[in-house]
Amino acid sequence: MAMERTFVMLKPDAVQRGHAGEIISRFEKKGIKMVGMKLMLISEDLASRHYGEHVGKPFYEKLMSYITSGPVVAMVLEGDNAVEMVRKFLGATNPQDATPGTIRCDYGQMIGRNIIHGSDSLASAEREIGLFFDDDELVDYTRIDAAWLFE
Ligand code: DAT
Ligand code: MG
């Protein structure tokens, strides 16, 4: 097993449209462990650091205003191969291209309103977790179903 932590964020549209609970529930059912979670408004500074790789792209300004437009739910999720597994849950960046059953397909329609973020690599996960969470906001514990989930 490769236990990993990844950073996931329910974007403002997920919160405003009342889908936060259902989306979190998908991860819970899979057995992915929540180790950090908070509802927060993202400052312009945090937004620009989180999306630094996209500075200068045509969609950058719209992305900044979208992501700072309302509360998000920031999460750290833990599981076997969690980074890649969560990206599979999310589906393609553009909901129009996402496979049915994925979160971006099932909950959205526009690339600029694509519901959810997930780290794209282990290095990104470490960087993004560090941007959003202090060490003492992450909780170490064992889920009681772990013995049935992992062989
Ligand atoms: P992902 O979120 O799947 O990692 P990304 O890192 O390439 O995708 O882009 C970050 C976000 O920026 C993405 O979730 C939605 C927005 N975005 C990306 N490409 C876009 C485009 N061509 N037009 C509008 N928004 C875009
Ligand atoms: Mg990305």
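None of these values were measured; they are calculated from a predicted model. In each ligand, atom 1 is the first atom listed, and ligand 1 is the first ligand listed.
Between Val15 and Leu10, the closest heavy-atom pair is CG2-O, 4.3 Å. In plain terms, the two heavy atoms of Asn114 and Thr93 that are nearest each other are ND2-O, 2.9 Å.
Under the 6.0 Å cut-off for aromatic ring centres, Phe27 and Phe89 qualify, their centroids lying closer than that. If you look at Tyr107 and His19, their ring centroids are closer than 6.0 Å.
Protein heavy atom closest to atom 3 (O) of ligand 1, with residue, atom name and distance, is Thr93 OG1, 2.6 Å.
At a heavy-atom distance under 4.0 Å, only side-chain atoms of Leu63, from C-beta outward, approach ligand 1. Residue contacts with ligand 1 for Lys11 involve side-chain atoms from C-beta outward but no N, CA, C or O (heavy atoms, distance under 4.0 Å). When heavy-atom distances to ligand 1 are checked against a 4.0 Å cut-off, His50 has no atom that comes that close, whether in backbone or side chain.
In terms of N/O distances under 3.5 Å, ligand 1 is approached by His54. Considering backbone and side-chain N/O atoms, Arg104 comes within less than 3.5 Å of an N/O atom of ligand 1.
A chain of hydrophobic side-chain contacts below 4.5 Å, direct or via other Ile, Leu, Val, Met, Phe, Trp or Tyr residues, connects Tyr51 to Ile129.
Using cut-offs of 30° and 60° on the angle between ring planes, the pair His50 and Phe7 is perpendicular.
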Output a table of donor-acceptor pairs, distance under 3.5 Å, between side-chain atoms of residues 70-83 and any protein atom two or more places apart or on a different chain; print 'none' if there are none.
residue	atom	partner	partner atom	Å
Glu78	OE1	Arg5	NE	2.7
Glu78	OE1	Arg5	NH2	3.1
Glu78	OE2	Lys33	NZ	3.3
Asp80	OD1	Ala2	N	2.6

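Those atoms of ligand 1 that come under 4.0 Å of a heavy atom in Asn114, given as number and element, are 13 (C), 14 (O), 15 (C). If you number the atoms of ligand 1 from 1 as listed, the ones under 4.0 Å from a heavy atom of Tyr51 come out as 10 (C). Taking every non-hydrogen atom of Arg87 and a distance limit under 4.0 Å, the qualifying atoms of ligand 1 come out as 1 (P), 3 (O), 4 (O).
One option in Ile116, Ile111, Asn94 has a heavy atom closer to atom 15 (C) of ligand 1 than any other, and that option is Ile111. Taking only non-hydrogen atoms, the option from Tyr66, Phe59, Tyr60 nearest to atom 26 (C) of ligand 1 is Phe59.
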Evaluate the criterion side-chain hydrogen bond (donor to acceptor under 3.5 Å, both in side chains) for residue pair Ser124 and Ser121; output intermediate values, then yes/no.
CA-CA 5 Å; Ser124 299; Ser121 67; 3.0 Å; yes
